[in-house]
Amino acid sequence: MDYRGQNALITGASSGIGAAFAAALAARGASLMLSARREARLHDLAARLSAAHGVRAEVADLAVEGAGRALAEETRRRLGSVDVLISNAGFGTFGPFHGTDRGRIHAQVMLNAVAVADLAHAVLPGMVERGGGVVVNVASTAAFQPVAYMATYGATKAFVLSLTEALWAEYRRHGVRVLALCPGPTDTEFFDVVGTNAFAVGKLEPPELVVERALAAVDRGKGTLVSGLVNLLLSECARFTPRAVVSSMSEKVMRAKVPGAAARP
C-alpha cells in the first residue's frame, strides 16, 4: 500500500496505538488529521511530526451523537479527502455492571461502537467513488467472547469486529481495504483508564509492533488480524467453545480480579 499523498484520519491519536499509527503513516508519506480528547498532548504529537510530514491536528469528543460524521467532514474540508481511516478511540471500565456509572456505560457505547460506525459510513462513499481507501477499526481480543465485569467493553468490541468483517466483504470489490485489528494486552494507557491491568494475560505488546502487523495485514488484503500468536490461539479457542462455558469461565477468572468480589459466591 502506497500512502504517499494520502490523507489519514486517526482517532484516539494522542497515545498508544493511535500515536503509533500516526508516526507510521507519517513516515510513509501520509498527511494526517489527528483526533483525541487530550488537546495538549495531541498538538504536541502533531508538532513533532509536522516538521517532516505536514501533520494536522483536530480535537473532537467522539462520545457524543454526530461527532464522527462532523469530524470526517472537517477532515475533508481541511485536507480534501479521507483516504485512510483509523478508528482507534475507545476505553473500558472494570467492575460489576450494576455498579458502573450509567454515563460511563453510555459514553463507552458511543465512543467504542457508534462513532466507529458513523465514521465508516461518512468516509466509505468517497472511497468507493475514488476506487480505493483503507479503513482500520481497532477491536480487541475481547471481541471473541463475553467478558464478565467488562461487559460493555466486550460487547462494543464484538460489534466492531462483526461490523468490520462485514464491511471487508462488502467493499473489497470496490478496492477498499478494511481491517478489524484485534490487539491483545498492549503497552498503552488503556489500563490506566480502566484502573488495573490485573486481567491482562501474557506480556504486553508494544503498540509499534501491533501497528506494523496491522499495516502488513492491510497490504495483504486481510479482513481480520489478531495481533500475536498467543492471542490468536486464545481467540480461536473461544470461537469453538460453547458460549455458556466461555461466559462462566470468564466470570470466574475476572471475579478474582475485582476487589472484594472474590469471596462472594
Exercise for review: Start with the C-alpha gap between Ser81 and Asn7, add the side-chain angles, then the distance that decides, and say whether side-chain hydrogen bond (donor to acceptor under 3.5 Å, both in side chains) holds.
Suggested key: CA-CA 6 Å; Ser81 64; Asn7 301 318; 3.2 Å; yes
Review point. CG/Asn231 to OG/Ser140 distance, rounded to the nearest 0.5 angstrom?
Key: 9.0 Å
Exercise for review: For Glu251, look at atom CD and say whether over 12 heavy atoms of other residues, nucleotides or ligands are found less than 6.0 Å away.
Suggested key: yes
Practice item. Report the residues that fulfil ring pair (Phe, Tyr, Trp, His ring centres under 6.0 Å) with Phe144, sequence neighbours left out, ordered by chain and then residue number. Key: none
Review point. Would you say Val246 and Phe159 are hydrophobically clustered, going by side-chain heavy atoms of ILVMFWY under 4.5 Å?
Key: no
**Study point:** Distance-only polar pair, side chains of Asn88 and Thr11, donor-acceptor under 3.5 Å
**Key:** no
Exercise for review: Spell out, as yes or no, whether a donor-acceptor pair under 3.5 Å connects the side chain of Thr186 to the backbone of Gly184.
Suggested key: yes
Check your understanding: Going only through I, L, V, M, F, W and Y residues with side-chain contacts under 4.5 Å, is there a path from Tyr153 to Met110?
Key -> no
Practice item. Report yes or no: do Leu215 and Ile17 belong to one cluster of Ile/Leu/Val/Met/Phe/Trp/Tyr joined by side chain heavy-atom distances under 4.5 Å? Key: yes
Exercise for review: Classify the side-chain pair Ser227/Glu205 by whether it contains a donor and acceptor separated by less than 3.5 Å.
Suggested key: yes
Point to revise | Side-chain donor or acceptor of Ser14 paired with backbone N/O of Ala36 under 3.5 Å | key: no
Practice item. Only counting residues at least two apart or in another chain, list the ones meeting side-chain contact (heavy atoms from CB on, under 4.5 Å) with Ala151. Key: Phe97
**Study point:** Neighbour count above 12 (heavy atom, 6.0 Å) for Arg37 CZ
**Key:** no
Practice item. Kindly say whether Ala158 contributes a backbone atom to a donor-acceptor pair with the side chain of Ser162 at under 3.5 angstrom? Key: no
Review point. For the side chain of Trp168 and the backbone of Leu163, is there at least one donor-acceptor N/O pair under 3.5 Å apart?
Key: no
Check your understanding: Given the rule in the side-chain hydrogen bond (donor to acceptor under 3.5 Å, both in side chains) test, do Thr152 and Arg104 qualify, once you have shown the distances and angles that lead to the verdict?
Key -> CA-CA 10 Å; Thr152 304; Arg104 293 285 283 174; over 6 Å; no
Study note, to complete from the structure: Between the CG atom in Leu179 and the CZ atom in Arg213, the distance rounded to the nearest 0.5 Å is 13.0 Å
Check your understanding: Can you tell me if Asp219 uses its side chain to pair, donor with acceptor, with the backbone of Met1 under 3.5 Å?
Key -> yes
Practice item. Could you walk me through whether Gln108 and Thr156 pass side-chain hydrogen bond (donor to acceptor under 3.5 Å, both in side chains), step by step? Key: CA-CA 8 Å; Gln108 262 188 100; Thr156 60; 5.2 Å; no
Review point. Should Val114 and Val116 be counted in the same cluster of Ile, Leu, Val, Met, Phe, Trp and Tyr side chains packed under 4.5 Å apart?
Key: no
Point to revise | Whether Thr164 side chain and Leu161 backbone form a donor-acceptor pair below 3.5 Å | key: no
**Study point:** Approximate separation, where rounding is to 0.5 Å, of Leu49 CG and Leu34 CG
**Key:** 7.0 Å
**Study point:** Test item: Ser250 side-chain N/O and Ala148 main-chain N/O as donor-acceptor pair under 3.5 Å
**Key:** yes
Exercise for review: Consider only side-chain heavy atoms of I, L, V, M, F, W and Y, link residues closer than 4.5 Å, and tell whether Leu9 and Leu79 are in one cluster.
Suggested key: yes
Review point. In Å, rounded to the nearest 0.5 Å, how long is the span from CZ of Phe21 to CD of Glu208?
Key: 11.5 Å
Revision key, fill the gap. Smallest heavy-atom separation, Leu119 atom then Gly68 atom, equals CD2-O, 3.1 Å
Check your understanding: Donor-acceptor pair, Lys222 side chain versus Ala180 backbone, under 3.5 Å?
Key -> no
Study note, to complete from the structure: Taken to the nearest 0.5 Å, the spacing of Met150 CE from Lys157 NZ works out to 10.0 Å
Check your understanding: Counting only heavy atoms not in Glu129, do more than 12 sit closer than 6.0 Å to its CD atom?
Key -> no
Check your understanding: Is the shortest side-chain N to carboxylate O distance from Asp2 to Arg28 below 4.0 Å?
Key -> no
**Study point:** Spacing of Leu167 atom CG and Leu124 atom CG [to the nearest 0.5 Å]
**Key:** 6.0 Å
**Study point:** Criterion side-chain contact (heavy atoms from CB on, under 4.5 Å) on Val134 and Val136, from CA distance to verdict
**Key:** CA-CA 7 Å; Val134 173; Val136 177; 3.9 Å; yes
Exercise for review: Give a yes or no answer on whether the side chain of Ser50 reaches the backbone of Ala47 with a donor-acceptor pair at less than 3.5 Å.
Suggested key: yes
Check your understanding: Do any N or O atoms from the side chain of Ser248 and from the backbone of Val245 form a donor-acceptor pair under 3.5 angstrom?
Key -> no
Practice item. Look at atom NE2 of His174 and say whether more than 12 heavy atoms of other residues, nucleotides or ligands are closer to it than 6.0 Å. Key: yes
